[in-house]
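Before any comments, here is the structure.
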Amino acid sequence: MRYKNVAKVLISEEEIIKRTNVLAKQITEDYKGEKLLLVCILRGASLFFADLVRKIDLDVNFDFMAVSSYGAGTSSSGEVRIIKDICEPVEGKNVILVEDIIDSGNTLQYLVRLLKQRNPKSIKIAALLDKPERREVSIQGDYIGFTIPNEFVVGYGLDYNEKYRNIPEVCVLKSEIYES
Ligand code: IMP
Ligand code: MG
């Protein structure tokens with residue numbers, strides 16, 4: 001394997017780009033004539049966000065939010081902390097939260113509830129990956145790149161202990177890395 005500590009590539013760079021373009025086209029059609037605030041959830045969604053937004057042909061604003069729900073490990077603590085809030089006002093705007101992966105759903109449930117209190121015109125979720133088997137709360141994405149099995153993945157922005165984010169594809173880590 002060309003990447004260190006990786007067992008296999010789950011989704012290739014080419015597949016990611018192809019699917020991201022499809023999602024961007026869908027978003028462009030769905031919001032025709034509307035303004036859109038795209039919110040990148042740092043840090044995991046950064047690469048997906050960068051590839052997605054440049055293919056959206058609309059009048060858009062960007063903003064960034066940083067949250068933490070994970071300590072070191074491969075499962076969510078369920079507790080979400082805002083490290084950095086968005087700067088833009090949300091009232092009356094169409095908002096899309098752009099996330100790397102929906103796992104337990106806790107992070108997005110928390111963020112959607114928080115932003116709804118600020119009276120957006122609409123709020124939707126775009127996520128590169130969805131792991132429905134792991135869901136603990138009822139939350140659904142509106143624009144999903146890929147539905148994946150219950151395996152811990154890294155790359156294309158996703159990390160394990162802050163590593164592997166720069167791998168350009170979505171990969172399954174060797175299990176001995178997080179089991180040891
Ligand atoms: P949730 O709150 O459990 O839905 O978790 C969302 C966050 O957990 C994501 O934004 C990721 O940062 C992290 N996460 C969940 N599954 C994975 C994975 O397979 N690889 C890397 N990070 C993950
Ligand atoms: Mg994340």
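Numbers for residues simply follow the sequence, beginning at 1. Every number for a ligand or one of its atoms is a count from 1 in the order of the listing. Scope of the values below: all heavy atoms of this structure, side chains included, with no hydrogens, waters or symmetry mates.
Residue Gly105 places at least one N or O, backbone or side chain, under 3.5 Å from an N or O of ligand 1.
For residues 18-32, the pairs satisfying side-chain hydrogen bond (donor to acceptor under 3.5 Å, both in side chains) are Asp30-Tyr143, with sequence neighbours left out. For residues 6-17, the side-chain hydrogen bond (donor to acceptor under 3.5 Å, both in side chains) pairs, not counting sequence neighbours, are Ser12-Glu15.
A salt bridge links Arg118 to Asp85: at least one charged side-chain nitrogen sits closer than 4.0 Å to a carboxylate oxygen. One finds a salt bridge joining Asp130 and Arg135 here, because a Lys/Arg side-chain nitrogen approaches an Asp/Glu carboxylate oxygen to under 4.0 Å.
Val80 does not count as a contact of ligand 1, since none of its heavy atoms falls under 4.0 Å from the ligand. Look at Asp100 and you'll find a heavy atom under 4.0 Å from some atom of ligand 1. Residue Arg135 places every heavy atom at 4.0 Å or more from ligand 1.
Applying the 4.0 Å criterion to heavy atoms of Asn106 picks out, from ligand 1, the atoms 2 (O), 4 (O). Of all atoms in ligand 1, listed by their number and element, those nearer than 4.0 Å to a heavy atom of Thr107 are 1 (P), 2 (O), 5 (O), 6 (C). When each atom of ligand 1 is checked for a heavy atom of Glu99 under 4.0 Å away, the hits are 10 (O).
Of the N and O atoms on the side chains of Tyr160 and Asn5, not one donor lies less than 3.5 Å from an acceptor on the other residue.
Residue Gln140 qualifies as open at atom CD: its count of foreign heavy atoms under 6.0 Å is 12 or below.
Nearest to atom 20 (N) of ligand 1 by heavy atom, out of Val172, Val153, Leu158, is Val153.
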Full working for side chain to side chain contact (heavy atoms under 4.5 Å, CB included) between Ile148 and Ile11: CA-CA 10 Å; Ile148 63 166; Ile11 309 166; 4.1 Å; yes
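Of all the heavy atoms of Glu136, none lies under 4.0 Å from any atom of ligand 1, so neither backbone nor side chain is involved.
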